[in-house]
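Worksheet: the structure to be examined is printed underneath.
Just so you know, these numbers use all the heavy atoms, side chains as well, and skip hydrogens, waters and symmetry mates. Given the structure is predicted, the values throughout are model-derived calculations rather than measurements.
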Amino acid sequence: SIITLLSFTNIYAKKHRFIIVDESRSQLHYVDQFDSSNDWTIKFPKRYRNARLVTNQKIVMTTHDGYVEYDLKTQKELKKVANPLFNKTESLVRLPNGNTVLGCCLGKKGGISFYELDKDDKIIRKANFPEYHYLRLMSLTKDGSFLFGVANKIIKANWDGEAKEFKVSNEKCWAYEVEELSNGNYRISGGYHPALEEWTPDGTFVRKIAGGLPSPKDYNYYFFGSAQQLKNGNWVVSNWTGHEKNDSKKGVQLVEFDQEGKIVWSWHDPKRSGSVNGVIVLE
């Protein structure tokens with residue numbers, strides 16, 4: 001029909017400039033859909049998980065034992081911080097004062113530890129949570145608390161070692177990334193039964209933003225990784241489909257939902273990139 005044709009055309013006419021974390025091929029890609037001559041790729045020696053844009057010219061990435069900074073214009077490494085204490089660094093946040101918070105996960109051997117580093121990368125404080133054995137993407141709330149997911153739980157914790165938790169409604173949905181929204185509620189992106197959802201801090205379900213498909217066998221939407229809300233209110237989310245280099249063939253790598261949960265844009269280029277678990281849209 002004409003309506004179907006227009007909807008199809010709109011999805012593929014929309015364009016973005018974005019950075020993606022290519023987990024399965026250990027790379028970082030910049031994609032400019034307006035001018036592909038600007039595209040670039042940085043290859044990593046190992047799989048790095050979390051990317052944060054610091055300025056328009058600099059990005060920081062977690063490594064297996066700390067973090068590394070890159071210049072976006074030249075794609076050259078600016079600084080690398082490595083310390084055995086930071087083994088299995090999964091997540092990081094760069095604070096407004098220039099300090100860096102790292103989230104490290106040693107599993108059952110040591111639980112989860114958070115470190116705050118000053119501008120010279122010296123440890124100024126630490127918090128450990130031995131009761132938790134899983135960490136992916138951590139964020140900080142307005143009051144400076146940690147916000148992260150452990151399987152189907154949302155955890156809010158602080159530097160004093162205190163933690164509060166609650167379960168999300170779908171026990172098969174793993175909370176990969178949790179962040180505080182401007183209204184004070186929490187947004188999760190989760191996998192296996194992929195969904196973007198909004199919850200109150202006391203554990204009350206508010207709404208499904210997007211996703212929520214019933215079957216993990218549908219690789220088109222298999223495991224939602226990092227997500228970003230755009231200025232127009234839409235959400236762009238990465239869709240991870242497996243650890244193998246060519247698992248990106250299984251399903252779409254990025255998808256954009258409008259505020260009603262409808263798909264308005266997607267990106268799928270399995271030749272260029274492996275399975276994607278992180279995205280930064282440059283508006």
- Are Ile263 and Val252 grouped together when hydrophobic residues (ILVMFWY) are joined by side-chain heavy atoms under 4.5 angstrom apart? yes
- Task: Measure the spacing between CD of Glu198 and OG1 of Thr204 and express it to the nearest 0.5 Å.
- Result: 11.5 Å
- Message: Tell me whether the rings of His243 and Trp240 are parallel (<30°), tilted (30 to 60°) or perpendicular (>60°).
- Response: perpendicular
- Asn234 backbone acceptor or donor facing Asn232 side chain under 3.5 Å: yes
- Query: Is there a path from Val21 to Ile59 through hydrophobic residues (I, L, V, M, F, W, Y) whose side chains come within less than 4.5 Å of each other?
  - Reply: yes
- Is there a donor-acceptor pair under 3.5 Å between the side chain of His16 and the backbone N or O of Leu282? no
- Query: Can you find a heavy atom in the side chain of Trp159 that is under 4.5 Å from one in the side chain of Val101?
  - Reply: yes
- How close do Ser226 and Val279 get, heavy atom to heavy atom, and via which atoms? OG-N, 2.9 Å
- Between Thr89 (side chain) and Thr62 (backbone), is there a donor-acceptor pair under 3.5 Å? no
- Is there a side chain to side chain contact (heavy atoms under 4.5 Å, CB included) between Thr200 and Phe166 once you walk through the steps? CA-CA 10 Å; Thr200 66; Phe166 65 84; over 6 Å; no
- Minimum heavy-atom separation for Ala51 to Met61, with atom names? CB-SD, 3.0 Å
- Would you say Pro201 and Tyr186 make side-chain contact, with heavy atoms under 4.5 Å? yes
- Message: Between Ser145 and Asn158 (side chain of the first, backbone of the second, donor and acceptor by atom type, cut-off under 3.5 Å), is there such a pair?
- Response: no
- ring-ring contact (aromatic ring centres under 6.0 Å, His included) with Tyr115: of Phe146, Tyr67, Phe86, only one passes, and it is Phe86
- Message: Is it true that Gln75 and Tyr30 share a donor-acceptor pair across their side chains at a distance under 3.5 Å?
- Response: no
- Above 12 or not: heavy atoms from other molecules or residues under 6.0 Å from CG of Asn56? no
- So which heavy atom on Leu181 is nearest to which on Lys142, and how close? O-NZ, 3.3 Å
- Partners passing ring pair (Phe, Tyr, Trp, His ring centres under 6.0 Å) against Tyr176 (at least two apart in sequence or in another chain): Phe223
- Item | Under 3.5 Å: donor-acceptor pair, side chain of Gln228, backbone of Val281 | yes
- Task: Check step by step if side chain to side chain contact (heavy atoms under 4.5 Å, CB included) holds for Asn277 and Arg49.
- Result: CA-CA 8 Å; Asn277 64 355; Arg49 187 176 301 280; 3.8 Å; yes
- Query: Do Arg52 and Arg94 come within less than 4.5 Å of each other through their side chains, counting heavy atoms only?
  - Reply: no
- Going by the angle between their ring planes, with limits at 30° and 60°, are Tyr48 and His64 parallel, tilted or perpendicular? parallel
- Task: Please confirm whether the backbone N or O of Glu23 pairs with a side-chain atom of Ser275, one donor and one acceptor, at under 3.5 Å?
- Result: no
- Query: Out of curiosity, His133 NE2 to Lys109 NZ, how far, rounded to the nearest 0.5 Å?
  - Reply: 12.5 Å
- Residues Ile209, Phe257; criterion side chain to side chain contact (heavy atoms under 4.5 Å, CB included); working and verdict: CA-CA 8 Å; Ile209 299 172; Phe257 298 98; 5.9 Å; no
- Item | Side-chain heavy-atom pair Phe148, Tyr134 within 4.5 angstrom cut-off | no
- Correct closest heavy-atom pair for Phe44 and Ile42 would be CE2-CG2, 3.7 Å
- Query: Heavy-atom count around Lys262 NZ within 6.0 Å, excluding the residue itself: above 12?
  - Reply: no
- Straight-line distance of Thr141 OG1 to Glu179 CD, nearest 0.5 Å: 12.0 Å
- Item | Val178 to Ser139 - nearest heavy-atom pair and separation | O-OG, 2.6 Å
- Query: Okay, side chain of Asp258, backbone of Glu260: is any donor-acceptor separation there less than 3.5 Å?
  - Reply: yes
- Query: Between CG of Asn128 and CD1 of Ile112, what distance do you get to the nearest 0.5 Å?
  - Reply: 9.0 Å
- Same hydrophobic cluster for Leu137 and Val93, using side-chain heavy-atom links shorter than 4.5 Å among ILVMFWY? yes
- Item | Close side-chain approach of Leu102 and Met138, heavy atoms under 4.5 Å | no
- Task: Show the numbers, then the answer: is there a side chain to side chain contact (heavy atoms under 4.5 Å, CB included) between Lys119 and Asn99?
- Result: CA-CA 5 Å; Lys119 293 179 181 179; Asn99 289 3; 4.0 Å; yes
- Exercise: do Ser91 and Asn50 side chains pair donor with acceptor under 3.5 Å: yes
- Note on the structure: Taking every heavy atom of Leu254 against every heavy atom of Ser238, the minimum-distance pair comes out as CD2-CA, 3.8 Å
- To the nearest 0.5 Å, atom CG of Asp118 lies from atom CG of Leu95 at 11.5 Å
- Side-chain donor or acceptor of Glu69 paired with backbone N/O of Lys58 under 3.5 Å: no
- Does any non-hydrogen side-chain atom of Arg47 lie less than 4.5 Å from one of Ser26? yes
- Task: Please tell me if the side chains of Lys79 and Asp121 come closer than 4.5 Å, counting only heavy atoms from C-beta onward.
- Result: yes
- Item | Ile20 with Ile280, same ILVMFWY side-chain cluster at under 4.5 Å | no
- Task: Check each of Arg272, Gln253, Gln27, Lys245 against Asp22 using the side-chain hydrogen bond (donor to acceptor under 3.5 Å, both in side chains) test, and report the only one that passes.
- Result: Gln27
- Item | Separation between CH2 of Trp267 and CG of Asn239, rounded to the nearest 0.5 Å | 12.0 Å
- Heavy-atom donor-acceptor pair, His268 side chain to Ser248 backbone, under 3.5 Å: yes
- Tell me whether Ile123 is reachable from Val81 by hopping between hydrophobic residues (I, L, V, M, F, W, Y) whose side-chain heavy atoms are closer than 4.5 Å. yes
- Message: Is the shortest side-chain heavy-atom distance between Lys249 and Lys271 below 4.5 Å?
- Response: no
- With the threshold set at 4.0 Å, does a side-chain nitrogen-carboxylate oxygen contact exist between Lys156 and Asp143? yes
